[in-house]
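Notes for the one structure printed next.
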Amino acid sequence: MDSKEALVALNMVDNVGPVRVRQLIEAFGNAPAILKASRDQLRRVQGIGEETASAIAGWENAVDLSAELRNISDYGCTILTQADAAYPPLLRQIYDPPIVLYVKGQLTEKERHAVAIVGSRRTTHYGVETARKLAYQLAYIGVTVVSGGARGIDTAAHQGALAAKGRTIAVLGTGINLVFPAENVALFERIPAQGALITQFPFNRQADRQSFPIRNRIVAGRTLGTVVVEANLNSGALITAGMAVDNGRQVFAVPGRIDSAQSKGCHELLKKGAKLCEGAEDILSEFEYLFPATNRPPAPNETGALPDLSLPANEQKVLEALTNEETSIDEIIRRAALPASAVSVALLGLEMKRVIKQLPGKLFVKNG
């Protein structure tokens, strides 16, 4: 048994979590040695009581490791531990990073630049459209959108990222082979091609009241910031926001109607110091380092010449509608003959590519 297989087994043992595994590895040196230890040896480790020692010592009676490894292979997913380079760097930094991650799809270097978009399952039309728009705009310029795969705001966020042909990650509160909610079967089938489904739970683990807060800490822990789009005062999204704060990450909240129960959670976050989010620009302004020189075409002042860019059709139309003179967004919409939403997305993309710049008053000019 190698270290990864031993960690998969430990992850399936009741009452054994990331913190206890860390203590045990410090005591025994590696994961296989933990599984070979006697109950008395395990009990001598600080923080490991009788119940946990007995569960680990008798792990073969409760865990079918061979079946789990066969499921992993048959389902086509991979297992990541903290020893793997692909394990999310930000997730390593939290107090209790998952022992293992089941991954369906692929995690890439782009996931370093990830933002969570979360909210309630019971939503308004405004909330769903806002989540889709924010996710689309972020994914369009290369930010990975992370959410929990749930009904409502989570689903809208994943859909928006996929529509932009960007990357999205769904963190599940179940085993990776289960779809919850059931109506997201098609969505979960699409996500691995443009990102990944991930979970810390073994195969066939059903969702319950405990699994969602556990899931939420991964959403908050593996991202640079968390955007709460719509949430009532009892929403699990507020738990995610609290975990983001605990991890030293930025929290954003989208305002809503003052008479809507679905907006009260966001307004409460704003009162407590969350950053107001009215659009993707508010998020990006906090993370300008997401776009270092290696991730974008060089600006004219860096090369002495205009970059040779291949722009999407809408961005090209919007660029042609601009001059070196200040131009309002209404005038750009008229000249480009595109919907306002398409123009907003194109302007954001051009701005991030440093082709144009925005001036106060929603005025735009070409760079250089």
Side-chain angles (χ1 to χ4, degrees), residues 88 90-91 103-121 123 126-173 176 179 181 183-199 215-216 218-230 237 240 244 249-250 252 254 277-284 286-287 290-291 295 312 314-315 341-342 344-349 351-353:
L90 287 172
L91 199 55
V103 180
K104 177 75 169 178
Q106 189 174 13
L107 300 182
T108 71
E109 280 292 301
K110 293 179 181 179
E111 269 68 79
R112 291 181 302 127
H113 302 155
V115 170
I117 297 180
V118 298
S120 291
R121 290 173 174 81
T123 62
Y126 162 77
V128 168
E129 289 306 307
T130 300
R132 281 191 186 132
K133 178 183 175 183
L134 287 173
Y136 186 101
Q137 291 175 331
L138 291 171
Y140 184 81
I141 59 169
V143 178
T144 298
V145 174
V146 177
S147 199
R151 183 181 292 118
I153 296 300
D154 289 15
T155 292
H158 294 306
Q159 290 171 337
L162 292 172
K165 295 181 169 53
R167 292 186 62 78
T168 188
I169 294 171
V171 184
L172 309 184
I176 202 158
V179 177
E183 66 259 28
N184 276 355
V185 169
L187 178 66
F188 283 19
E189 287 176 350
R190 291 179 62 199
I191 287 175
Q194 289 176 231
L197 304 174
I198 68 173
T199 185
R215 184 260 332 252
N216 292 349
I218 300 177
V219 173
R222 63 146 300 120
T223 52
L224 293 161
T226 294
V227 185
V228 183
V229 173
E230 197 169 53
T240 308
R249 313 290 165 77
Q250 181 66 59
F252 304 84
V254 174
C277 178
E278 297 177 306
E281 298 91 341
D282 294 320
I283 302 165
L284 296 170
E286 288 293 310
F287 305 122
L290 284 177
F291 302 96
N295 283 358
N314 283 356
E315 286 188 10
S341 58
S344 294
V345 170
L347 285 169
L348 187 62
E351 194 175 356
M352 290 303 105
K353 293 183 175 82

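Positions are given from 1, in the same order as the sequence printed here.
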Using a 3.5 Å cut-off and no angle test, enumerate the donor-acceptor pairs between side-chain atoms of residues 219-227 and protein atoms at least two apart in sequence or in another chain.
{"from": "Arg222", "atom 1": "NH2", "to": "Glu111", "atom 2": "O", "distance (Å)": "3.3"}
{"from": "Thr223", "atom 1": "OG1", "to": "Val219", "atom 2": "O", "distance (Å)": "2.8"}
{"from": "Thr223", "atom 1": "OG1", "to": "Ala220", "atom 2": "O", "distance (Å)": "3.3"}

Review point. Would you say Ser341 and Tyr136 make side-chain contact, with heavy atoms under 4.5 Å?
Key: no

Check your understanding: Is Thr144 close to Thr168 at the side-chain level, that is, under 4.5 Å between some pair of heavy atoms?
Key -> no

Check your understanding: Heavy-atom distance under 4.5 Å between the side chains of Leu284 and Val143, does that happen here?
Key -> yes

Check your understanding: Can you check whether Gly152's main-chain N or O pairs, donor with acceptor, with Thr123's side chain at less than 3.5 Å?
Key -> no

Exercise for review: Indicate yes or no for a side-chain donor-acceptor contact from Asn184 to the backbone of Gly149 under 3.5 Å, with no hydrogens or angles considered.
Suggested key: yes

Point to revise | Side-chain touch Phe287/Gln250, heavy atoms, less than 4.5 angstrom | key: yes

Study note, to complete from the structure: Contacts of Asn314 meeting side chain to side chain donor-acceptor pair (under 3.5 Å) (sequence neighbours excluded), chain-then-number -> none

Review point. Just how far is it from atom CG of Leu162 to atom CD of Gln159, taken to the nearest 0.5 Å?
Key: 8.0 Å

Point to revise | Side-chain donor-acceptor pair present, Arg167, Gln194, cut-off under 3.5 Å | key: no

Point to revise | Interatomic spacing from NE2 in His113 to CD1 in Ile141 - rounded to 0.5 Å | key: 11.0 Å

Check your understanding: Do the non-hydrogen side-chain atoms of Ile117 and Val229 ever get within less than 4.5 Å of each other?
Key -> yes

Practice item. Determine whether Glu278 and Phe252 make a side-chain contact, defined as any pair of heavy atoms from C-beta on separated by less than 4.5 Å. Key: no

Practice item. Output yes when a side-chain donor or acceptor of Ser147 lies under 3.5 Å from a complementary backbone atom of Val118, and no otherwise. Key: no

Review point. Which atoms form the tightest heavy-atom contact between Ala196 and Val103, and what is the distance?
Key: CB-CG1, 4.0 Å

**Study point:** From Leu172 atom CG to Ile176 atom CD1, the distance as rounded to the nearest 0.5 Å
**Key:** 6.0 Å

Check your understanding: What is the distance from atom CG of Leu107 to atom CZ of Arg112, rounded to the nearest 0.5 Å?
Key -> 13.0 Å

Review point. Out of curiosity, Arg132 CZ to Ile153 CD1, how far, rounded to the nearest 0.5 Å?
Key: 9.5 Å

Revision key, fill the gap. Heavy-atom nearest pair, Val146 first then Ala114, reads CG2-CB, 3.9 Å

Check your understanding: Would you say Leu197 and Val171 make side-chain contact, with heavy atoms under 4.5 Å?
Key -> no

**Study point:** Residues in side chain to side chain donor-acceptor pair (under 3.5 Å) contact with Arg249, at least two apart in sequence or another chain
**Key:** none

Practice item. State the CD1-NZ distance between Ile191 and Lys104, to the nearest 0.5 angstrom. Key: 13.0 Å

Exercise for review: Would you mind reporting whether Val254 and Glu230 have side-chain heavy atoms less than 4.5 Å apart?
Suggested key: no

